[in-house]
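Take a look at the structure set out below.
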Amino acid sequence: MPDSIRVADIAQYEGQEVTVKGWVYNRTHKGKLVFLLVRDGSGFVQCVAFKDDIEESMFDQLIRLPQESSVVITGSVRADKRAPGVPGGYEIGVKQVEILQEAGQEYPMSLKEHGVDFALDNRHLWIRMPSQWAILRIRATVMSAVREWLDTNGFIAMDTPILTPVAAEGTTTLFETEYFDEGKAYLAQTGQLYNEANIFAFGKVYCFGPTFRAEKSKTRRHLTEFWMVEPEIAFCDLDQLMEIEEQMITHIIQRVLKDRSAELKSLERDTEKLQKIKPPFPRISYDEAVKTLADIREKEMDREKKELLDFEWGMDFGAPHETELMAHYDQPLFIYGYPTEVKAFYMEPWPDRPEVSKSVDLLAPEGYGEICGGSERISDPDLLLKRIHEHDLPVEAFKWYLELRQFGSVTHSGFGMGVERVVAWICGIEHIREAIPFPRTIKRVYP
RNA sequence: UCCUCGCUAGCUCAAUUGGCAGAGCGAGCGGCUGUUAACCGCUAGGUUCUUGGUUCAAGUCCAAGGCGAGGAGCCA
């Protein structure tokens, strides 16, 4: 028997005496009884102390014990439908409390609502709150599910460098740093090019780590530092890529539903919408999406909204377009075959339609937008060189990348999935800054 | 870079046409045997983001600046 139990496992200990080590999340007292809501990292449990059951001096201490004090509580577990908490439904009848530290009285994160700025300034404390705790536990499960699915489906984890000499898509949106006598280095915005080298050694690979974008994007869907998993597969075309994406996403959803139902419930997430997610996901071409948008726009009576939906073939979709398109789907939606011009230089052109690329975005339902972006890569060395010239990229820096196409070039594809966007969708939260422990945005590098 | 909005007690917010600076939570004290962000009573708590201007009078109107949020563009 361990010296203490985890709150998450409390149901196993009904009727037994247990010890819990944790922190006082909330305290309320009612004359001769006091309720302590205690969190231990694995969950939240209500502890009830009656004045007659414990020493009087201890009871007097408990009724004024500040929020966040660290405690070791011993008592007996009983089922009680009234007991709040995560998972909830059980409480501890307190027999003994050891106060490790009485917290200071100036704890800033009171239980009432807080503004965005204040909450973010106190992110180091905010993560203790049930909502943030639940989101970040789900994030951990999402990341675990990603690795689990890839590892059991023949993918090899192959880490790509974070310090890189050149950008895959130009250097304007990269964080720059001095690199000894070698000139500038940049924080990676993707591991894709290195992944492409890796597939010729390992077949199916993925990298999974932080990526950095110095874009001045100030929206609820953007961070300057975010986590991305990027699978890359040899002998794989665009159709096969979409199958991989939908299988992986479905596995993630299933894992979270199975292992984090208490957290989803505490976030009041409508899990029925998640339970519905099943492959195959609907697939439409960019051309079809443009046509659908035109129809929607035609029927729209509101002039302002109509203007917002203005669109011509060749443009990339904005947020209003994505929202309108997704209004008709309760599954994630693949949109494939974007115009070559709006996409990156390395994408394979559509056979007999060079103005279209073999690219695909995956849009999440409920307005969460693009969660995956991928494509079939150019396998012809001459075409790739031509594209590098057209995009004014430094050929010398891409020498090794071009060589990949000279020694056993094959059809290959890959995609990137933004972890925080997926977590935000699964949790049903407004902003992706809550989907990472310490968010980095254009206006914030503290704490 | 552009557009829109905001800044008042530790926190979340109110303050009518320009006319005495307010509430809830949090903190302190007291009460209560089933609370769920408990409740009830009392107490303390203010450079209204900054600077300048208009006015008998500015939280409120004007100008400049600062900080933040949402969105556009760009993207996962």
Side-chain angles (χ1 to χ4, degrees), chain A residues 25-37 44-53 59 63-64 66-67 80-86 88-89 91 93 104-122 125-126 129-131 168-170 172-173 189-192 210-230 245 308 315-323 338 342-344 361-364 368-374 415-425 430-433 435-436 441-444:
Chain A
Y25 169 68
N26 192 16
R27 180 211 71 220
T28 180
H29 61 99
K30 204 173 176 345
K32 289 175 182 164
L33 89 156
V34 56
F35 299 97
L36 299 176
L37 194 53
F44 291 67
V45 66
Q46 172 163 279
C47 304
V48 190
F50 290 90
K51 192 168 187 175
D52 295 340
D53 293 353
F59 188 84
I63 61 175
R64 65 193 76 245
Q67 185 186 358
D80 192 318
K81 278 181 194 158
R82 294 169 298 186
V86 184
E91 65 180 21
Q105 251 126 33
E106 311 273 292
Y107 186 65
M109 296 304 284
S110 66
L111 270 48
K112 295 275 177 178
E113 281 176 28
H114 297 285
V116 173
D117 198 34
F118 181 83
L120 286 173
D121 278 343
N122 290 283
L125 305 174
W126 190 21
M129 305 285 279
S131 62
E169 290 142 39
T172 51
T173 59
Q189 59 176 353
T190 172
Q192 184 205 313
T211 49
F212 306 88
R213 307 266 166 104
E215 291 157 5
K216 296 205 170 174
S217 302
K218 247 171 67 76
T219 83
R220 73 185 73 184
R221 300 181 308 280
H222 288 89
L223 298 168
T224 57
E225 177 182 316
F226 65 97
W227 281 64
M228 184 158 70
V229 59
E230 295 178 276
E245 289 187 34
L308 218 60
M315 289 165 60
D316 205 350
F317 300 119
H321 308 114
E322 286 184 1
T323 307
Y338 284 81
V342 301
K343 289 290 180 184
D361 283 356
L362 182 62
L363 306 187
Y368 283 91
E370 186 181 345
I371 50 173
C372 297
F415 70 96
M417 184 195 88
V419 169
E420 290 76 16
R421 287 187 180 178
V422 170
V423 172
W425 165 43
E430 274 295 301
H431 200 300
I432 65 166
R433 66 183 157 223
I436 187 167
T441 62
I442 170 173
K443 290 288 183 186
R444 183 174 292 278

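All chains are named by letter (A, B, ...) in the order of the sequence lines, taking the proteins before the strands, and each is independently numbered beginning at 1.
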Say we look at B/C74 and B/U16: how far apart would their P atoms be, to the nearest angstrom?
43 Å

Which value, in whole Å, describes the distance between the P atoms of nucleotides B/G19 and B/C62?
15 Å

Is the shortest side-chain N/O distance from A/R421 to OP1 or OP2 of B/C75 below 4.0 Å?
no

Remember a base hit wins even if backbone is also touched, and classify A/K32 as base, sugar-phosphate or nothing at under 4.0 Å, heavy atoms.
base

Using a 4.0 Å heavy-atom cut-off, does A/E106 contact any base of the nucleic acid, only the sugar-phosphate backbone, or nothing at all?
nothing

B/G70 phosphate, OP1 or OP2, under 4.0 Å from A/R433 side-chain N/O:
yes

How many Å lie between CD on A/E225 and C1' on B/A76, as a whole number?
14 Å

Over all strands shown, is A/F226 touching base, sugar-phosphate only, or nothing at heavy-atom distances under 4.0 angstrom?
base

Could a donor-acceptor pair under 3.5 angstrom be found where the side chain of A/T173 meets the base of B/C74?
no

Going 5' to 3' along nucleotides 21-26 of chain B, which nucleotides have protein heavy atoms under 4.0 Å from the base (write B), which only from the sugar-phosphate (write S), and which from neither (write -)?
----S-

Report, one pair per line, the protein and nucleotides 42-48 of chain B atoms (nitrogen or oxygen only) whose separation is under 3.5 Å.
none

Could you state the CZ-P distance from A/F59 to B/G31, rounded to the nearest angstrom?
11 Å

In dot-bracket form, 5' to 3', how is RNA chain B paired? Count Watson-Crick and G-U wobble pairs only if both distances fall under 3.5 Å, and write | where the partner sits on another strand.
(((((((..((((.....[..)))).(((((.......))))).....(((((..]....))))))))))))....

Of A/E322 and A/T441, whose nearest nucleotide on RNA chain B comes first from the 5' end?
A/T441

Base, sugar-phosphate, or nothing: which does A/R64 touch, judged by heavy atoms less than 4.0 Å apart?
sugar-phosphate

Report yes or no: is the ring centroid of A/F35 under 5.5 Å from the six-membered base ring centroid of B/G34, with the two planes under 30 degrees?
no

With C1' as the reference atom in both, quote the distance from B/C49 to B/G59 in angstrom, rounded to an integer.
12 Å

Report the residue (A/L120 or A/P108) whose heavy-atom-nearest nucleotide on RNA chain B is the more 5′ of the two.
A/P108

Using only side-chain N and O atoms of A/K30, determine if any of them is under 4.0 Å from OP1 or OP2 of B/G34.
yes

A/H29 side chain N/O closer than 4.0 Å to the phosphate oxygens (OP1, OP2) of B/U33?
no

